[in-house]
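Fair warning: this is a prediction, and the values are worked out from it, not measured in the lab. Every chain is numbered from 1, with letters handed out A, B, ... down the list of sequences.
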Protein chains: 2
Amino acid sequence: MGERIPTRHSLALSPSCNHCSLSNLCLPLAVSDGDMGRLDEVVNRGAVYDRGQAIFQQHTPFRSCYAVRSGAIKTSVETAEGDYQITGFYLPGEIIGLDSLHAEEYAGSAIALERSSVCEIPMDQLESLSFEIPTLQHHFFQLMSQEIQNGQQLSLLLSRKTAEERLASLLLSLSSRYERRQMPPTAFRLPMARNDIANFLGLAVETVSRVLTRFQSQGLATINGRSVESLDLEGLHSLLQSPGT
Amino acid sequence: MGERIPTRHSLALSPSCNHCSLSNLCLPLAVSDGDMGRLDEVVNRGAVYDRGQAIFQQHTPFRSCYAVRSGAIKTSVETAEGDYQITGFYLPGEIIGLDSLHAEEYAGSAIALERSSVCEIPMDQLESLSFEIPTLQHHFFQLMSQEIQNGQQLSLLLSRKTAEERLASLLLSLSSRYERRQMPPTAFRLPMARNDIANFLGLAVETVSRVLTRFQSQGLATINGRSVESLDLEGLHSLLQSPGT
DNA sequence: TGATATCCTTGATTCAGGTCAAAGAACCGC
DNA sequence: GCGGTTCTTTGACCTGAATCAAGGATATCA
């Protein structure tokens, strides 16, 4: 279990725009101030997990969703046959556990990639709340269909793209997600190991490494170990255009 | 009249169950008779689509989910770059459109693979209904997280499995889904073209064909064109066990 | 500070599955 | 039944990425 940190207001709602305390999610939520307060009471803000620690694990009873506040999380599924697949990387402002919403148990595991602060959203309480606050239900539906669509994008990536395209996609995805958080989109830290990237993209570690160095020599990116120092967003993007048809 | 006693309508009832058009969904739903009646009013039962016809199309306004009653449907997404990926095959008793639930537009298209009867579930009406029938909301949450998990399984399939494993997975999946519908699990009709199978599994058509004939010669399956005549479920299943680790 | 495990890169080799090509088989409208 | 699609199979060949192997780079911890 992650260590508890004292309840603080760092997840404060911005009163101007009516986002909920899940506000990092950047989805507008029109609720009254009163409802907003009740929502805040439910959300249990801030536990900290060290690198490698599990936020939750597959086949354990589902209790909460989790919003990442700092750090980074990877989620994964494991089949009966023992295959292990990373299903996503989650950055601050993103929510994990949606795949298990209203299921008996978690449908996968979530592991901290580095020291991460995570706020817990207990589902039993939220469920009853969402009857009183219709918008909230709507909100979660939206998040879930977003999640389904992410999965479909991933499928497309895994079945139809070359190694270079996969890496380009990942870098661009990270870039735009950092940007959305008002962080530099062409210089950031890769929170995950090459190994994890490889698994996520369905490649061998060696291939990831090779393609990354190839990007370097083509001037598409400057990457030093885990730190991305510059990206040619244009150039990477143009890799994705399939010339045919 | 006294209190209405909630009746448990198991949605796994035979397709002829005339209580609820959603009945094919095979998920237990505990609602009162009255609620069930109202639900039935909302659901618009039975439009028929010919082979190749679109039930809905990507980037058109989302209006309804659809439950397949007979026939078969394929769903697909298309990216800005023009990649086309089939995201699923839907058999009678399954629901499509969940990925777009509460989104502005459909996140993909749905095309009939053969003459299919499909019942429409208009979301605007269902939304207000689900406010009054808590179980219904729960029901849809469940369906959606199921859908996310399907997607994750697909990702795993596409990134980590060999051509043989992919085909085996598909055959086994179809088999168990037919079985759930009280149909023979080892002899059924493949509703989709090799082309579609290939696209779905991330393979070339030729590979699909080759693997299928290899299955024949190994006695794992007897397949004649689009009709599966016999399957060695045991044998196919054992293909999926990854021996390593 | 050095010992040790983990992570990352690079090279050489191999192979599963893609691509190209072409011939049957099934289906459709007339 | 007949010409034209569209679907399916089979063969020959080629390539992108996996695998095997091994040497650097980083991190972790006593």
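For DNA chain D, the neighbouring residues in residues 187-209 of chain A, judged by any heavy atom under 4.0 Å, are A/Gly202, A/Leu203, A/Ala204, A/Glu206, A/Thr207. Taken residue by residue, residues 214-231 of chain A places no heavy atom nearer than 4.0 Å to DNA chain D.
Nucleotides of DNA chain D with any atom under 4.0 Å from a heavy atom of chain B span, from 5' to 3', D/dC7 to D/dA12.
Put simply, the side chain of A/Val211 does not reach to within 4.5 Å of the side chain of A/Leu203, judged on heavy atoms.
Without hydrogens or angle criteria, A/Arg115 side chain to A/Gly71 main chain gives no donor-acceptor distance under 3.5 Å. The backbone N or O of A/Ser155 lies less than 3.5 Å from a partner atom in the side chain of A/Ser159, making a donor-acceptor pair. Using modelled atom types, one side-chain atom of B/Ser175 and one backbone atom of B/Pro185 make a donor-acceptor pair closer than 3.5 Å. Checked by atom type and distance alone, the side chain of B/Thr75 never pairs as donor or acceptor with a backbone atom of B/Ala110 at under 3.5 Å.
By the salt bridge (Lys or Arg N to Asp or Glu O under 4.0 Å) test, A/Asp196 pairs with A/Lys74, sequence neighbours left out. Residues that satisfy the side-chain contact (heavy atoms from CB on, under 4.5 Å) test with B/Arg160, not counting sequence neighbours, are A/Asp83, A/Gln85, A/Asn199.
Counting all heavy atoms, side chain and backbone alike, A/Val77 lies closest to A/Ala107 at CG1-O, 3.1 Å. The nearest pair of heavy atoms linking B/Ile86 to B/Phe200 is O-CD1, 3.3 Å. Across all their heavy atoms, A/Ile55 and A/Ala112 have their closest contact at CD1-N, 3.7 Å.
If you measure from atom CD of B/Glu164 to atom P of C/dG18, you get 13 Å, rounded to the nearest angstrom. Look at CZ on B/Arg51: it is 10 Å from P on C/dC27, rounded to the nearest Å.
Defining each end axis of the helix from C/dT9-D/dA22 to C/dC30-D/dG1 as the rotation carrying four pairs' C1' atoms onto the next four, with five pairs an end, the two axes are found to diverge by 60° to 10 degrees.
Other residues, nucleotides and ligands contribute over 12 non-hydrogen atoms within 6.0 Å of the CZ atom of B/Arg214.
The distance from the CD atom of A/Glu94 to the CZ atom of A/Arg177 is 4.0 Å, given to the nearest 0.5 Å.
Ring geometry, A/Tyr106 versus A/Tyr66: the interplanar angle falls from 30° to 60°, so the pair is classed tilted.
A residue-by-residue look at B/Leu212 and A/Arg166 shows that B/Leu212 has its nearest nucleotide of DNA chain D further toward the 5' end.
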